[in-house]
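Letters go in sequence order (proteins before strands), and every chain restarts at 1.
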Amino acid sequence: MSEMKRFHSVRLDKKLCKGCTNCLMHCPTEAIRVHDGRAHIIDERCIDCGECIRVCDYHAKIVETDPLESIRSFKYSIALPAPSLYAQFRNLKDIGYVLAGLKKIGFDDVFEVARAADIVSCAIRDKLRDPTLPRPLISSACPTVVRLIQVRFPDLIPNIVDIRQPMEVAADIARTEFCKKNGCSPEEVGVFFITPCPAKMTAIRSPIGQKKSCVDGAISMMEIYRVLRPHVAKMQNEEGLQSRSTHYGIGWAASNGESRVVCPDDSLSVDGIHNCIRVLEEIENDKFGDLVFFEGNACVGGCVGGPLVYENNYVAKNNIRKLVSAAKAKKNEDPAQAVPVSMMNKYDLYMDEEIRPNPVMKLDEDMHAAMEKMERMNKIIEGLPGYDCGSCGSPTCRAFAEDIVRGYFTENACIHKMREQLKIMAQRMVDLAQISSYEEKKE
Amino acid sequence: MSAVYREYKVEADDFTRAGEASADIKRTLKQLGVSSTVLRRVAVACYEVEINLVIHSDGGTLTLKVDDEGVHLKSQDVGPGIADIDQAMREGYSTADEEARSLGFGAGMGLPNMKRNADRFAIKSRLGEGTTIDMMFALA
C-alpha cells in the first residue's frame, strides 16, 4: 500500500476557499500552502487530523466519506458503529436503541466496535506482559497519531503496538459471523464503519500495518446521526437490541478509555494533536523512564471530538461517562471475562505489515545534497523577518526557506522582503529623478 | 567534504527553555535523513547533555556537527567542573539540587545514558574551569 500514491480524506472545496491563512497556521505537519488565491494540501504530508476542518471559517475543508446509499451496492450490509456514535444522543436509555435504529435505516446487521475494543484490550494487555518490547508501548488505535509518528517521529515506530484497530477486528468478526449464520459468501457482504473522523476513512483506503482493510467503506457519523436520530427518539424498550460490549469497550470512545483498561497505572493519555506532538517529543528524549503505555488521540476528548461528530465533544464525553457507569451498574465485567479465549485465537488481531517511516521532512534523498540545501536554507532564514505571517503562503519563515530550497517558491514571495526592495528602488528613482533634473537645468 | 554545523547557547537553571536545543537538533537530523535508529540514540543523549548544562553548569554551549563520519555532539560549559569523573559516571550518582529533583531530574543516569548511546564518548573536566563532553554517533 505504501508504494501507492498516498491517499487522504481531507479535501478542499476550491470554490469556498478564500486563500486566508487559518488552516496554514494550524497544520501540525506543515502540509498546507496557500498560492494562487487558495490552499493546497501536500498529499504526502497530510495525516488527516482534521485541524484545518475545525479552523476553516469558510467550510472549505471537507471530508471524503462514503454516502449512506453506498450500502446498497452490496447484497447485505453490516454497520460497525464506533462507540462515539452512542455519545451523540443525550440521555440515551439503552445502547440497544442505537443498534436497533441502525437496522431500521437499512443495515442488515450491526456489530459493535466497542466489542472489538474489548478483544483488542485483551491483546494489548498480553503485549504489555512481554518485557522484551520497548517502553512505552504506543497505542495504534488513532490512525492520525500513527501517521504523525511516521512523519515526525519515525524513531518511535518500534514502540507502536502491532495490534489491529478495533474497527478492523470488528469487521473481520462481523463478516465471518454473518456469513456463517446466513450461508452467504463474504463478497456479498458490505461492512461499513460509522466514522467520527477522516483518518479512519483513510485507514480503510490505505491501511497502515495491514495489506488490506477488512472494512468496505466509512460513512460519516454526522450523516448517520441525521437519519438515525428520529428512530432512536421513538424507540421503546422492547424494540432494542442488546449491547454485548463491556463498559470498558464503550469507554474507548473518549480519551483515556483505552489506557483505563490496558494499563491504568503507568500510562499517559494525551488528547489533541499538538499535545500529542509535545509529549511524543519528550518520549523521544526518553524523559519518562518508567512510562509503560502511551495513548494518543488526535482529537480533543478522544474520538468523541472527531471532526465528523454532531455533539459538542465535552457533552459527548459526559454522555460516554454516563453510558459507562450505566453499563457497569448492569454488569461489571472485565474484557478478560467477556471475551472467550476461542475468539482471541480464531481472528487475526495482529498487523501483517511493517509500519514504515514516511520521511517527508527529509530535504533530499542524498545526504550531501540535503546538507547543501540545509546550509542554503539557513542563509535564507537569516534574511527573513521571522514574523511567521504566512503571507508568502508557507506557514513559517523557516518553512518558507525550506520551500525555496525545495524549489516550490522564490524569495520574492516574501512581502516584507519585497517592501524592502521597493524602498531601495523608490530611493533609486528619486536619485535618478534628481540627476535628470540637474541635467535639464544644465541645458 | 560537506558538513552541517549548529551552535546552541544553554543557560544555567533555565528549565522553561530546556529541551529547545534538543528539539532543533532532532529536527535538523530528520531533515538530513539520518536513520531512525541513530536518531533515537542521539535524541536521548542530546537531551541528557542539554539538561546537564541546565542543571549542573554555569551555562555553556552545545554544538552539533554532521559530516560523513556521523553526528558529533559537543557540550562545553564555563564551570563549575566535576571533582571526580569516575564517580560522576556511575549510575545513580547525582549532585542535582532539590529544585532539579523536584522537577524530575537528577536520577544519576545522565552521563551513563550518554555513554551507552554514543559510539564514541569522551569527557574532560577541570574543577573551577568547566567540563567538555564529546560524543560521536556513526551514521552507518
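Both the backbone and the side chain of B/V34 come within contact range of chain A, each with at least one heavy atom under 4.5 Å from a heavy atom of that chain. Residue A/E365 does not touch chain B at all, counting heavy-atom pairs closer than 4.5 Å. Of the atoms belonging to B/V66, heavy atoms from both backbone and side chain fall under 4.5 Å from chain A. Using a 4.5 Å cut-off between heavy atoms, A/D366 makes no contact with chain B at all. Contacts of A/P154 with chain B are made by both backbone and side-chain atoms, with heavy-atom separations under 4.5 Å.
Taking CD of A/E281 as the reference point, atom OH of B/Y47 lies at 10.5 Å (rounded to 0.5 Å). Put simply, CZ on A/R356 and OG on B/S36 are 13.0 Å apart, with the number rounded to the nearest 0.5 Å. Note that CG of A/D286 is 8.0 Å distant from CG of B/N117, once rounded to the nearest 0.5 Å. A/N378 CG to B/T28 OG1: the interatomic distance, rounded to the nearest 0.5 Å, is 7.5 Å. Considering OG of B/S2 and NE2 of A/H368, their distance stands at 4.0 Å, rounded to 0.5 Å.
A 6.0 Å sphere centred on NE2 of A/H416 holds more than 12 heavy atoms belonging to other residues, nucleotides or ligands. Other residues, nucleotides and ligands place no more than 12 heavy atoms under 6.0 Å from the OH atom of B/Y5. No more than 12 heavy atoms of other residues, nucleotides or ligands shown are found within 6.0 angstrom of CZ on B/R17. Annotation for B/R126: atom CZ does not count as buried by contact number, only 12 or fewer foreign heavy atoms lying within 6.0 Å. More than 12 heavy atoms of other residues, nucleotides or ligands shown are found within 6.0 angstrom of NZ on A/K127.
Considering only heavy atoms from C-beta on, A/K362 stays 4.5 Å or farther from B/L32 through its side chain.
The two atoms that bring A/M367 and B/L139 nearest to each other are SD-CD1, 3.7 Å, heavy atoms only.
Within the 3.5 Å criterion, the main-chain N or O of B/Q31 finds no donor-acceptor partner in the side chain of A/K373.
Applying a 4.5 Å heavy-atom cutoff, the residues of residues 386-398 of chain A that approach chain B are A/R398.
Salt bridge status for B/K30 with A/E284: present, with a side-chain N to carboxylate O gap under 4.0 Å.
Just one of B/E50, B/K26, B/E48 meets the side-chain hydrogen bond (donor to acceptor under 3.5 Å, both in side chains) condition when paired with A/N285; it is B/K26.
Applying the side chain to side chain donor-acceptor pair (under 3.5 Å) definition to pairs two or more places apart or across chains, those involving residues 127-140 of chain B are B/S125-B/T131.
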